[in-house]
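Right, one structure below, let's go through it.
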Amino acid sequence: MIFGASKAIAKHHNRIHNYKAVVLDLSAVPMMDLTIGLALENAIKDAIEADCAVYIFSPNGQTSERLEKLGVANRLPHDAFCDSRKSALALAVKNLPTV
């Protein structure tokens, strides 16, 4: 199951350049091993490099700690970690570039 999740992350990760913002809802992730953590870290790093804003809702302490240990928080703006899915989506929409 863990490798399946990593594969799914990688699949979406490859399309990140098509987006202006991404919301990662990790509310259903009770724990995160290093494999998943690294897959998310790489996806977030590539999103940043593609000028794609990243917003994360991660209410589980262990999951948030794993992301913190991987240095994800240091790469994102202070408002990237949101206290609800709704606030993450609202920030993503609010901060989309206007055309």
Can you give each donor-acceptor pair under 3.5 Å made by side-chain atoms of residues 64-73, sequence neighbours left out, with the distance rounded to 0.1 Å?
unit_1 : atom_1 : unit_2 : atom_2 : d
S64    : OG     : S58    : O      : 2.9
S64    : OG     : S58    : OG     : 3.0
S64    : OG     : N60    : O      : 3.2
R66    : NE     : M32    : O      : 3.1

> Among the clusters formed by ILVMFWY side chains lying less than 4.5 Å apart, do V29 and L38 turn up in the same one?
Replying inline: yes
>> If I compare all heavy atoms of S27 with all of D25, which pair ends up nearest, and what's the gap?
In response: OG-OD1, 2.6 Å
>> I'd like to check I56 versus L40 (side-chain heavy atoms, cut-off strictly below 4.5 Å). Are they in contact?
In response: no
> To the nearest 0.5 Å, how far apart are CD in E41 and CD1 in I36?
Replying inline: 13.0 Å
>> Please enumerate all residues that pass side chain to side chain contact (heavy atoms under 4.5 Å, CB included) together with I48, with sequence neighbours excluded.
In response: I44, R75, L76
> Do F57 and L24 belong to the same hydrophobic cluster, where Ile, Leu, Val, Met, Phe, Trp and Tyr are linked whenever their side-chain heavy atoms lie under 4.5 Å apart, directly or via other members?
Replying inline: no
> What is the minimum heavy-atom distance between Y55 and A21, and which atoms define it?
Replying inline: CE1-CB, 4.4 Å
